[in-house]
Visitor: 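Shown below is the structure under consideration.
Both ligands and their constituent atoms are indexed starting at 1 by order of listing.
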Amino acid sequence: MLNEHYVEMTKQESIIRKIFMYGRERAKVVGAENVFDFSLGNPSVPAPKEFDEAVINLVNTSDSVSLHGYSPSLGNDQARSAIAESLNRRFGKNYTSDNIFMAIGAAGALAHALRSVVVPGRGDEVITFAPFFPEYHYYVGGTGAKLVVVPADITSFQINFEAFESLLNENTRAVLINSPNNPSGIVYSTATIDRLAEILNRKQKEYGHSIYIISDEPYRELVFTGTDAPFIASHYDNTMVCYSFSKALSLPGERIGYIAINTEAEDFPIAVPVFGQISREIGHNCPASLIQQAVSTVLDLTSDLSVYEKNCNILYEALTSYGFEIVKPGGTFYMFPKCLEADAYAFCEKAKKYDLLLVPSDNFGTPGHFRIAYCVTTEKVERSLPLFKKLAQDYGVI
Ligand code: PLP
């Protein structure tokens, strides 16, 4: 007999996947060009050609046995050093390879970071802030800790500090943040991060144990012009950055990312070897050798991300003029407007009438909103505008 917990999980259908599948079926009827699928957060621009060239070059010039051989369990030494140097150059850090652990995307990085601070059965809690990535339920639940959700400040989607302080307690072992944020597109300001750091420094002293910030940063480079986007690890010593190359380099299928832990963190330098031990238990065994090496040659590059900011501006201008309330994103390729009725599911069902595929917000821990993933062509965004307008007219807001 299989573990009931996982059997039960197979019955919980992902709403995003459901909408995506609906879109595929609908495309057979009205044509793919007439389905406006804003459901999935898959990058829509190619990886930089330098990445592909690096892969080809490695295959053509390396000794095959060593190229395809096991990498060390903490990651390829040269990749770890190159990542440390890139972060030092760009963010003024003091990292060496000892601060870096190679992981299978942000998901793999988070699996290690969370397990390194959580002890199953101790009553540990991990706090996160709504709206949040729904997979956090599983990422945190799987460690044995309880996920505690701070309700959103829907006027800004910055941190609701009053609610946060009331939920912090002696069981809190980590605060899981995601900025730039999926689904709101909001970037936490320097003032927000400094206030968070001040509270945590105070509470660490009071409780007599560390409270780590685990900073989930797949969208770090997807920041729009003029947005204040602090490097979070520079504002709080006990920080583990969980980074992914999935979004900025458009490499989600290559499953590559890392953890960077601060030199000033309480548990440096033992943390990275601890991550290696966690890998042994969860069968992680490092990302692919070839991809680690290839990515280490393009660390200061990104895909051409300009389409995301362009799409954001077009949608924001048009939708607000149709009466939608939106906190303007500072990055990512998501936007999180308020629905035109209280029930987000009913609203997204109504949007389907116009072949607009939108994700209702309840799964993100913030009812009454919907997520638009505008990682699509600008042409598609522009053709969707009259449909959003009709939807607003349906509700009589224009
Ligand atoms: N965290 C957030 C907020 C995400 O949006 C995603 C993917 O969409 C992930 C983590 C997982 O990223 P990865 O593909 O790097 O595992």
Visitor: Can you tell me if Glu221 and Thr302 form a side-chain donor-acceptor pair at under 3.5 Å?
Guide: no
Visitor: Indicate, with yes or no, if the rings of Phe157 and His369 have centres closer together than 6.0 Å.
Guide: yes
Visitor: Any idea which residues sit under 4.0 Å from ligand 1, heavy-atom distances?
Guide: Gly105, Ala106, Ala107, Phe133, Tyr139, Asn178, Asn182, Asp216, Pro218, Tyr219, Ser244, Ser246, Lys247, Arg255
Visitor: Could you give me the CA-CA distance, side-chain angles and deciding distance for Tyr354 and Phe36, then say whether ring-ring contact (aromatic ring centres under 6.0 Å, His included) is met?
Guide: CA-CA 9 Å; Tyr354 301 103; Phe36 297 85; over 10 Å; no
Visitor: Using the six-membered ring of Phe231, assess whether NZ or CZ of Lys93 lies under 6.0 Å from its centre and within 45 degrees of the ring axis.
Guide: no
Visitor: Mark yes when over 12 heavy atoms from residues, nucleotides or ligands other than Lys328 sit less than 6.0 Å from its NZ; otherwise mark no.
Guide: yes
Visitor: With the side chain counted from C-beta on, respond yes when His68 and Ser64 share a heavy-atom pair under 4.5 Å apart, and no when they do not.
Guide: yes
